[in-house]
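The structure appears below as structure tokens.
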Amino acid sequence: MQSTDVIVVGAGLAGLVAATELTDAGRRVLLVEQEPEQSLGGQAHWSFGGLFFVDSPEQRRMGVRDSHALALADWMGSAAFDRPEDAWPRRWAEAYVDFAAGEKHAWLHGMGMRWFPVVGWAERGGHGAIGHGNSVPRFHVTWGTGPGVLEPFLRRARAAQASGLLQYAFRHRVDGLLVEKGNVVGVHGARLAQDAVERGKPSSREVVGDFEFHAQAVIVASGGIGGNHELVRANWPKRLGPAPSHMLCGVPAHVDGRMLGISETAGARLINRDRMWHYVEGIENWDPIWPMHAIRILPGPSSLWFDARGQRLPGPLWPGFDTLGTLEYLRRTGFDYSWFVLDQSIIRREFALSGSEQNPDLTAKSWRQVLRRAVGKRAPAPVEAFKRHGHDFVVRNSLDELVAGMNELAGHPLLDAKQLREQIEARDLQFDNPYAKDAQVMAIHNARRYRGDRLVRVAKPHRLLDPANGPLIAVRLNILTRKTLGGMETDLQARVLGHGGHILHGLYAAGEAAGFGGGGLHGYRALEGSFLGGCLFSGRVAGRAAAAAIA
């Protein structure tokens with residue numbers, strides 16, 4: 001039986017942050033992880049590295065005027081907290097916005113983290129000043145993407161390991177928490193067979209032994225449920241319509257939610273189980289790593305969005321404006337997919353793919369490669385690769401040919417070329433002058449008022465059916481699972497609360513397992529760049545609080 005000061009369950013970003021905060025305070029830490037060592041860093045490794053900052057130097061250099069008050073209003077308008085159990089999530093939300101507008105940037109910058117100078121404008125909303133969405137661009141892409149976010153904490157972890165304060169227990173699957181007299185005092189579980197499988201691929205579940213570890217405190221940072229579609233469907237929110245019969249997976253299979261159930265059995269209270277964040281712009285990865293591997297398109301605002309029957313989506317359900325609003329609308333169409341229709345000029349300028357592996361220029365920190373995005377008629381190489389090889393892409397020279405290809409891909413003739421032509425031509429007419437009555441066209445003009453969008457993100461307004469901008473492209477969009485917005489209820493010290501609202505002594509939670517703080521600091525919707533940030537914030541809080549508690 002091994003004993004240490006604190007056990008951290010889960011070696012993703014939140015777990016690494018908590019562990020390094022603990023070791024910086026001189027505490028001995030055992031980091032327990034069911035996956036092999038090569039998966040250290042978890043989902044953050046695969047991420048685009050987007051972080052939510054408020055009134056940052058990067059925003060100011062791009063001419064963006066932001067403020068704490070504006071960010072808090074945007075957050076609360078998006079979260080729409082309306083439940084009694086939202087008391088702690090609301091307080092965590094307020095604390096996180098304080099952090100994002102305060103020391104977050106300096107803290108990360110001091111560890112060597114840097115950001116791409118053009119700030120992205122994600123989740124633009126469009127429902128009014130009080131509703132969902134970012135009023136200004138706040139999505140800061142980390143230089144180095146997900147691996148760049150992880151690097152400072154991996155560096156700190158290596159130093160702590162060298163000093164003897166940090167130990168890893170890879171291939172140790174926690175099956176239960178040890179509870180004595182109401183206090184959590186450790187973990188027990190199964191030792192799994194070593195596996196040299198590539199990062200992200202499913203690893204062996206062969207059991208070769210067992211273990212029992214004791215500590216003064218346990219921090220659960222094990223992630224959410226996005227890789228477990230059975231659990232996603234079981235918790236699917238009725239407000240979004242029926243659960244999809246077909247979904248792709250935006251996270252590896254080991255993101256299975258096991259520790260949530262295990263923690264609940266030990267006495268933890270789970271709240272907001274039906275709050276989740278899934279994307280509707282998923283495409284099947286033509287070179288997959290994990291089962292049903294999906295990549296999300298990060299679209300600019302110019303593509304036309306149609307449902308499976310060829311009806312244009314209503315405003316403000318345009319690309320990049322309201323993820324869950326679009327999901328709710330599409331779930332009521334009776335189909336699990338929809339379509340983008342665009343052209344080469346739009347895909348070259350406006351399509352980005354989420355993920356570190358889909359952005360080799362940013363991940364490798366290569367300015368030379370980044371500058372290639374701005375020249376020529378081709379999209380970034382990973383996007384062009386999907387256009388050539390991706391199962392969900394149709395590329396043709398005429399609209400009639402495009403619609404025929406879309407129907408062939410869908411397996412039934414739902415789409416009518418005449419109907420699509422009428423809608424596209426009507427939209428094209430709106431580009432003949434700088435004014436418009438089409439709300440999406442107005443949104444495109446507004447986006448180009450922002451220097452960053454005009455320079456690198458939004459195509460020059462043009463007619464979609466003009467052959468000079470071709471070929472025409474259709475992309476079938478699938479639902480992909482991603483983030484769990486609910487989780488273990490925690491107070492502002494990341495201490496897990498029990499079913500009666502009391503503190504479950506010795507147990508802390510961070511990251512997605514805690515709904516990124518409190519059991520759901522995002523409420524119903526996220527402003528993007530706030531998932532990694534939630535891991536950073538809640539991991540830091542949990543690590544510091546546990547360190548102080550066992551002093």
Side-chain angles (χ1 to χ4, degrees), residues 48 50 62 64 116-126 133-141 279-283 295-306 312-313 315-323 325-326 338-355 358-359 361-362 370 372-384 386-387 390 392-393 424 427-428 430-431 436 438-464 466 469-475 477 527-529:
F48 197 30
M62 293 303 299
V64 175
F116 189 65
V118 178
V119 183
W121 196 352
E123 287 296 301
R124 303 180 189 215
N134 285 295
S135 298
V136 298
R138 295 190 177 106
F139 190 81
H140 296 66
V141 176
Y279 293 108
V280 286
E281 311 100 330
I283 50 178
I295 298 296
R296 186 208 170 194
I297 296 170
L298 303 173
S302 300
S303 296
L304 276 167
W305 205 333
F306 296 96
R312 187 179 170 195
L313 270 58
L317 307 182
W318 311 304
F321 278 74
D322 182 357
T323 292
T326 307
S338 59
W339 296 97
F340 276 166
V341 174
L342 59 151
D343 58 26
Q344 183 63 29
S345 293
I346 293 173
I347 200 172
R348 185 194 79 79
R349 194 65 172 259
E350 297 195 7
F351 264 38
L353 301 175
S354 182
Q358 300 299 330
N359 294 274
D361 49 355
L362 296 168
V370 168
R372 291 177 188 167
R373 293 186 183 224
V375 297
K377 293 186 176 182
R378 295 172 64 84
V383 176
E384 290 289 345
F386 266 91
K387 197 179 81 175
D392 296 303
F393 282 72
I424 295 171
R427 210 283 291 260
D428 279 359
Q430 298 288 303
F431 286 122
D438 185 283
Q440 184 180 5
V441 174
M442 291 187 231
I444 292 167
H445 288 314
N446 185 56
R448 286 180 61 84
R449 294 173 59 200
Y450 167 48
R451 187 189 315 159
D453 277 352
R454 188 174 65 252
L455 289 173
V456 300
R457 192 70 174 111
V458 180
K460 184 178 179 181
H462 64 272
R463 289 180 175 236
L464 192 65
D466 184 345
N469 297 301
L472 290 171
I473 303 163
V475 186
L477 306 173
L527 291 177
E528 292 285 31

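Because the structure is a prediction, the values reported are computed rather than measured.
Here Lys460 contributes atom NZ and Asn469 contributes atom CG; the two are 10.0 Å apart, rounded to the nearest 0.5 Å. Expressed to the nearest 0.5 Å, how far CZ of Arg349 lies from CG of Asp453 amounts to 9.5 Å. With rounding to the nearest 0.5 angstrom, the CD1 atom of Ile444 is 7.0 Å from the CD1 atom of Ile346. If you take CZ on Arg448 and CG on Leu455, they are separated by 9.0 Å, rounding to the nearest 0.5 Å. Atom CG of Leu464 is separated from atom CG of Asp343 by 5.0 Å, given to the nearest 0.5 angstrom.
Counting heavy atoms from C-beta outward, Tyr450 and Val458 have side chains that stay 4.5 Å or more apart. The shortest distance between side-chain heavy atoms of Leu353 and Ile297 falls below 4.5 Å. The shortest side-chain heavy-atom distance between Val280 and Leu477 does not fall under the 4.5 Å cut-off. Within the 4.5 Å cutoff, side-chain heavy atoms of Ser345 are placed close to those of His462. With a 4.5 Å cut-off on side-chain heavy atoms, Gln358 and Ile295 count as touching. The closest side-chain heavy-atom distance from Val475 to Phe386 is not below 4.5 Å.
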Test log, rule side chain to side chain contact (heavy atoms under 4.5 Å, CB included), inputs Val119 and His140: CA-CA 5 Å; Val119 183; His140 296 66; 3.8 Å; yes
Verdict with supporting geometry, Leu362 and Phe48, side chain to side chain contact (heavy atoms under 4.5 Å, CB included): CA-CA 9 Å; Leu362 296 168; Phe48 197 30; 3.8 Å; yes
Test side chain to side chain contact (heavy atoms under 4.5 Å, CB included) applied to Asp361 and Val370, step by step: CA-CA 5 Å; Asp361 49 355; Val370 168; 3.9 Å; yes
Criterion side chain to side chain contact (heavy atoms under 4.5 Å, CB included) on Ile473 and Phe351, from CA distance to verdict: CA-CA 12 Å; Ile473 303 163; Phe351 264 38; over 6 Å; no
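In this structure, Phe139 has its ring center at least 6.0 angstrom away from the ring center of Trp121.
Distance alone, capped at 3.5 Å, places no donor-acceptor pair between the Arg124 side chain and the Phe321 backbone. A distance-only check finds no donor-acceptor pair linking the side chain of Arg449 to the backbone of Arg454 [under 3.5 Å]. Within the 3.5 Å criterion, the main-chain N or O of Glu350 finds a donor-acceptor partner in the side chain of Arg457. Under a 3.5 Å cut-off, the side chain of Gln440 and the backbone N or O of Pro301 do form a donor-acceptor pair. Formation of a donor-acceptor pair under 3.5 Å by the Asn359 side chain with backbone atoms of Ser354 is not found in this model. A donor-acceptor pair is defined here as one N or O able to donate and one able to accept, closer than 3.5 Å; such a pair exists between the side chain of Gln430 and the backbone of Asp438. Between the side chain of Glu123 and the main chain of Thr323, a donor-acceptor pair closer than 3.5 Å is present.
Residue Trp305 is tested with Trp318, Phe340, Trp339 for a ring pair (Phe, Tyr, Trp, His ring centres under 6.0 Å); the sole match is Phe340.
A salt bridge links Glu528 to Arg296: at least one charged side-chain nitrogen sits closer than 4.0 Å to a carboxylate oxygen.
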